[in-house]
Amino acid sequence: MNASTSGVTSGKLFLETVLQNVKRATELANIPSDIYEFLKIPKRVVIVSIPIRDQNGKVTNYIGYRVQHNNALGPYKGGIRYYPTVDLDEVTALAMLMTYKCAAVSLPFGGAKGGVACDPKKLSLEEIEKITRRYTYMISEVIGPYVDIPAPDVYTDARVMAWIMDTYSQLKGRQVPEVVTGKPVYLGGCEGREEATGFGVCVTTREACRVLGIPVKGARIAIQGFGNVGTYAALHLANLGAKIVAVSDSKGAIYNKDGFNVEKLIAHKKNTGTVLGFPSATQIGEKELLQLDVDVLIPAAIEGVLTKEVAEKVQARIVAEGANGPTTTEGSQVLQEKGIFVVPDILANAGGVTASYFEWIQNLQREHWPREKVLNMLEEKMVKAFNDVVETANKMEIGMRDAVMVLSVSRVALAVQTLGIWP
Ligand code: NAD
């Protein structure tokens, strides 16, 4: 499951930041302001009540959301998160980011996001299943394989996706695996999906090194967050010969100038629940990790960690954003002023949704592809998307973050303009 402290940034602030970035992109790309006005408001917002009766007969009514931002480029696509602070602004901001993330890697999808305000850590598995099935039932009229395809996000996983598939399928009277992605592999999930986001971070980091003339072999890398994204990014980068010199989790950070044996580190984390205490590692401060003298910094934990103050001390030459929104607006400005090469989140972590797209295709065609095929196709898509963004950045003499937004907002805007308004 993903862990993110989405409550760190309030939903309202998050939405304002996303809208500011979209507005800036429309201005840079000379997109008419009425298109911005159109994209500012999601196409459809569904708010549902989810009453659940616990073992003692007490009923708790949870609130669930599904925000469908835009579908000009294809069916809506986006995860579902279970987190106490989920609110409409946060889900809306995330739905908008999905529209632009899918456009950034040229997937034939629009953007959506869903969420239920609940604390899964305090719920039994049975209660999580009840919430999932009731939520799916309540949104079943607005989702579907050609309409809106949910996926996992913070604190939802393959099992939750299987419950969504089963509930929807029972309502339709037939198996519909293509209604949701991120399912267990034995229930139509995609080989390689688990490692896809970290692999995509590795591919875009490798490409960024190429652009800057930094050999990947021997490149020193610090990774904040050693969960799904951080672990697989570390594994794949280590396979290319990079040195993972620092990693952290919610309990603390460790450093070894010669680099860690990543496989042993993963085993240590699995056994002890933390990276701390790994042999031959020195414990360092959480902020120190972000400011180490390394070639690449990969924030792969939570949002808002690279603030103005932290960014001012970042020494890495490349920041590859594995997490969603790890850099604040002011932090971003500082990184740009310092000439640090940023691989922005909607590009760096798009490997997950791209593998989801492959899962959807396989389900529609009742096929099952091997891992190698999935990773090869993923690599091709990520490299193409990376090169498109670099080209836009060079042509317009803007930073990578502006470039990815200009590119993706322009793609969505063109589709919106071409389709026009009907009825
Ligand atoms: P995860 O729960 O598997 O891992 C998160 C890791 O971050 C854990 O190791 C946790 O201990 C650590 N962490 C939490 N707070 C920390 C802190 N203050 N300092 C250092 N480490 C801390 O989650 P994940 O799936 O790896 O997701 C990480 C980020 O990547 C999130 O922002 C998520 O939205 C984003 N993301 C994930 C995917 C995906 O496919 N998993 C796709 C796109 C974006």
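Both ligands and their constituent atoms are indexed starting at 1 by order of listing.
- Of the options P152, S248, A233, A323, the smallest heavy-atom separation from atom 30 (O) of ligand 1 is shown by A323.
- To the nearest 0.5 angstrom, S140 atom OG is 12.0 Å from D148 atom CG.
- If you check the side chains of T92 and Y65, you find no donor sitting under 3.5 Å from an acceptor.
- Here atom 14 (C) of ligand 1 lies nearest to S250 when heavy atoms of G230, G198, S250 are compared.
- With respect to K101 and D345, no salt bridge is recorded, no charged nitrogen being found less than 4.0 Å from a carboxylate O.
- The closest approach between any non-hydrogen atom of K287 and ligand 1 is not below 4.0 Å.
- Considering only residues two or more places apart in sequence or on other chains, K257 meets the salt bridge (Lys or Arg N to Asp or Glu O under 4.0 Å) condition with none of them.
- For D153, no nitrogen or oxygen atom sits less than 3.5 Å from a nitrogen or oxygen atom of ligand 1, counting backbone and side chain alike.
- With a 4.0 Å cut-off on non-hydrogen atoms, R193 touches ligand 1 through its side chain and not its backbone.
- With respect to E207 and R210, a salt bridge is recorded, a charged nitrogen being found less than 4.0 Å from a carboxylate O.
- Put simply, CG on L378 and NZ on K381 are 10.0 Å apart, with the number rounded to the nearest 0.5 Å.
- The pair E312-K308 meets the salt-bridge criterion, with a side-chain N (NZ, NE, NH1 or NH2) lying under 4.0 Å from an Asp/Glu carboxylate O.
- Looking at T197 against ligand 1, only its side chain comes within 4.0 Å, counting heavy atoms.
- Among S356, A300, G352, G227, the residue whose heavy atom sits closest to atom 28 (C) of ligand 1 is A300.
- Close contacts between ligand 1 and A301 involve ligand atoms 7 (O), 13 (N), 21 (N), 22 (C), 28 (C), 29 (C), 31 (C), 32 (O) [criterion: under 4.0 Å to a heavy atom].
- When only interatomic distances are considered, the shortest N/O to N/O separation between R81 and ligand 1 does not fall below 3.5 Å.
- For a threshold of 3.5 Å applied to N or O pairs, the pair formed by N324 and ligand 1 contains at least one separation below that value.
- Proximity to K269 (heavy-atom distance under 4.0 Å) selects the following atoms of ligand 1: 9 (O).
- When heavy-atom distances to ligand 1 are checked against a 4.0 Å cut-off, E286 comes that close only through its side chain, counted from C-beta outward.
- With a 4.0 Å cut-off on non-hydrogen atoms, I302 touches ligand 1 through its side chain and not its backbone.
- To the nearest 0.5 Å, atoms CE (M98) and CG (N324) are separated by 8.5 Å.
- A salt bridge links D388 with R411: the distance from a Lys NZ or Arg NE/NH1/NH2 to an Asp or Glu carboxylate oxygen falls below 4.0 Å.
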